[in-house]
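Structure first, commentary second.
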Amino acid sequence: KNGNKLTIEINSSSVKIEGQILSFVTLRDITKRNQLQEELERSEQKYRQLTEMLPQTIYELDMFGNITYMNQTGFEKFGITSSDLGTSAFNFIIPEQHEMMRINMIRSLTENYSTPGNSYTAVRKNGETFPVMIFASPMNGKEGITGTRGIILDMSEHIAMQNALYESEEKYRSLIEKATDGIVITQDGKLKFSNEAMCEMMQYSEEEMLNRSFFDFVIPED
């Protein structure tokens, strides 16, 4: 009456009353339902657009561990395409870790548990392996949990940097320990480190020198 438009769903059937054929019509206002559907589609589109922009792998699995969604980054990381959707996620984790993965998935599905980050060795389609960390949480629908979704971080660069740092530290430590000159580290006026050459020079053990003032080892006149 006020000019506002509604979206309606009409169902009709024929009925016979007192020998006359009449139409029995029901009308249902589905305006709000359609609005909710449009909002849901827009929200889903935003989610998909966001996941496609991320540099991390985003995935979704059904209740049986089959891949139902993976973003473009995931396709590139694992060397797969959309034709591989529907395959088991276990195909992309080394067999030795399948049992651990199965336990974590069951826990997510039965206990509504979000994984804080589990380390695995992933397998690309061509057989190459690389270290990953997976963060997962259950997907909830109207009828309960429908699967899991999560983020996969490629840890290759991080681990390579850790190894390089460790090697560098080892080289530094070896250089200091094998030096023929006495080397010490002081902090707040106290000795915190003394290499082997310094200990031999002063005829003290490192334990005897630690946490003492460096002035203890210099004659008062100097």
Working to the nearest 0.5 Å, report the span between OG1 of T81 and CD of Q72. 10.0 Å
Is I10 reachable from L6 through a run of I, L, V, M, F, W or Y residues, each pair having side-chain heavy atoms under 4.5 Å apart? yes
V218-L191 co-clustered via ILVMFWY side chain contacts under 4.5 Å: yes
Interatomic distance, OG1@T146 vs CG@D62, rounded to 0.5 Å, equals 9.0 Å
Counting heavy atoms not belonging to E111, are there more than 12 under 6.0 Å from its CD? yes
Quick check for you: to the nearest 0.5 Å, what is the distance between I134 atom CD1 and N118 atom CG? 7.5 Å
Closest non-hydrogen atom pair, V132 against M155: C-CG, 3.8 Å
Any heavy-atom pair between the side chains of P131 and S119 that's under 4.5 Å? no
How about CD on E196, more than 12 heavy atoms from neighbouring residues, nucleotides or ligands closer than 6.0 Å, or not? no
If you group Ile, Leu, Val, Met, Phe, Trp and Tyr by side-chain heavy-atom gaps below 4.5 Å, do M101 and F78 land in one group? yes
Is T57 close to M70 at the side-chain level, that is, under 4.5 Å between some pair of heavy atoms? yes
Minimal non-hydrogen separation, K190 against N211, with atom names: CD-O, 3.5 Å
Does R173 reach the side chain of I176, with side-chain heavy atoms less than 4.5 Å apart? no
If you look at every heavy atom in A197 and A179, which pair is closest and at what distance? CB-O, 3.4 Å
If you group Ile, Leu, Val, Met, Phe, Trp and Tyr by side-chain heavy-atom gaps below 4.5 Å, do I103 and M105 land in one group? no
Is any side-chain heavy atom of T7 closer than 4.5 Å to one of Q35? no
Any chain of hydrophobic side-chain contacts (each under 4.5 Å) joining L61 to M100? yes
Salt bridge between R33 and E9, side-chain N to carboxylate O under 4.0 Å? yes
Please lay out, stage by stage, how Y204 and C199 fare under the test side chain to side chain contact (heavy atoms under 4.5 Å, CB included). CA-CA 5 Å; Y204 283 93; C199 293; 5.7 Å; no
Is the side chain of T73 donor-acceptor paired with the backbone N or O of L54 at a distance under 3.5 Å, no angle test? yes
Could you please spell out the steps behind the side chain to side chain contact (heavy atoms under 4.5 Å, CB included) verdict for L36 and E39? CA-CA 5 Å; L36 288 172; E39 289 176 6; 4.1 Å; yes
Shortest non-hydrogen pair, S194 vs M209, comes out as OG-SD, 3.7 Å
Can you tell me if R212 has over 12 outside heavy atoms packed within less than 6.0 Å of its CZ? yes
Nearest 0.5 Å please: distance from the CG atom of N91 over to the CD1 atom of I67. 7.5 Å
If you count the non-hydrogen atoms of other residues, nucleotides and ligands that lie under 6.0 Å from CZ in F193, is the total more than 12? yes
Between N195 and D181 (side chain of the first, backbone of the second, donor and acceptor by atom type, cut-off under 3.5 Å), is there such a pair? yes
For the backbone of T26 and the side chain of N11, can you confirm whether one donor and one acceptor N or O come within less than 3.5 Å of each other? no
List the steps and the verdict of side chain to side chain contact (heavy atoms under 4.5 Å, CB included) for I58 and I151. CA-CA 5 Å; I58 308 297; I151 300 174; 3.6 Å; yes
I93 and T121: CA distance, side-chain angles, deciding distance, side chain to side chain contact (heavy atoms under 4.5 Å, CB included) verdict: CA-CA 6 Å; I93 299 295; T121 299; over 6 Å; no
Would F130 and Y120 count as a ring-ring contact (aromatic ring centres under 6.0 Å, His included) if you check the C-alpha gap in whole Å, the side-chain angles of each, and the deciding distance to 0.1 Å? CA-CA 9 Å; F130 61 106; Y120 294 96; over 10 Å; no
I8 and D29 have their tightest heavy-atom pair at CG2-CA, 4.3 Å
Quick check for you: to the nearest 0.5 Å, what is the distance between Y113 atom OH and I145 atom CD1? 14.0 Å
Determine whether D84 and K125 make a side-chain contact, defined as any pair of heavy atoms from C-beta on separated by less than 4.5 Å. yes
Contact summary for Q56 and L153, nearest pair of heavy atoms: CG-CD2, 3.3 Å
Hey, are the side chains of Q97 and I94 touching, using non-hydrogen atoms and a 4.5 Å cut-off? yes
Main chain of E208, side chain of S205: is a donor-acceptor contact present, judged purely on distance under 3.5 Å? yes
Could you measure the distance from the CD1 atom of I185 to the CE atom of M198? Nearest 0.5 Å is fine. 12.5 Å
Indicate yes or no: at least one non-hydrogen side-chain atom of M63 is less than 4.5 angstrom from one of L109. yes
Answer yes or no: does atom CD of E170 have more than 12 heavy-atom neighbours from other residues, nucleotides or ligands under 6.0 Å? yes
Would a line drawn from the ring center of F75 to the ring center of Y59 be shorter than 6.0 Å? no
Heavy-atom check, side chain of I106 versus side chain of R102, under 4.5 Å: yes
Distance under 6.0 Å and angle within 45° of ring axis: R124 vs F92: no
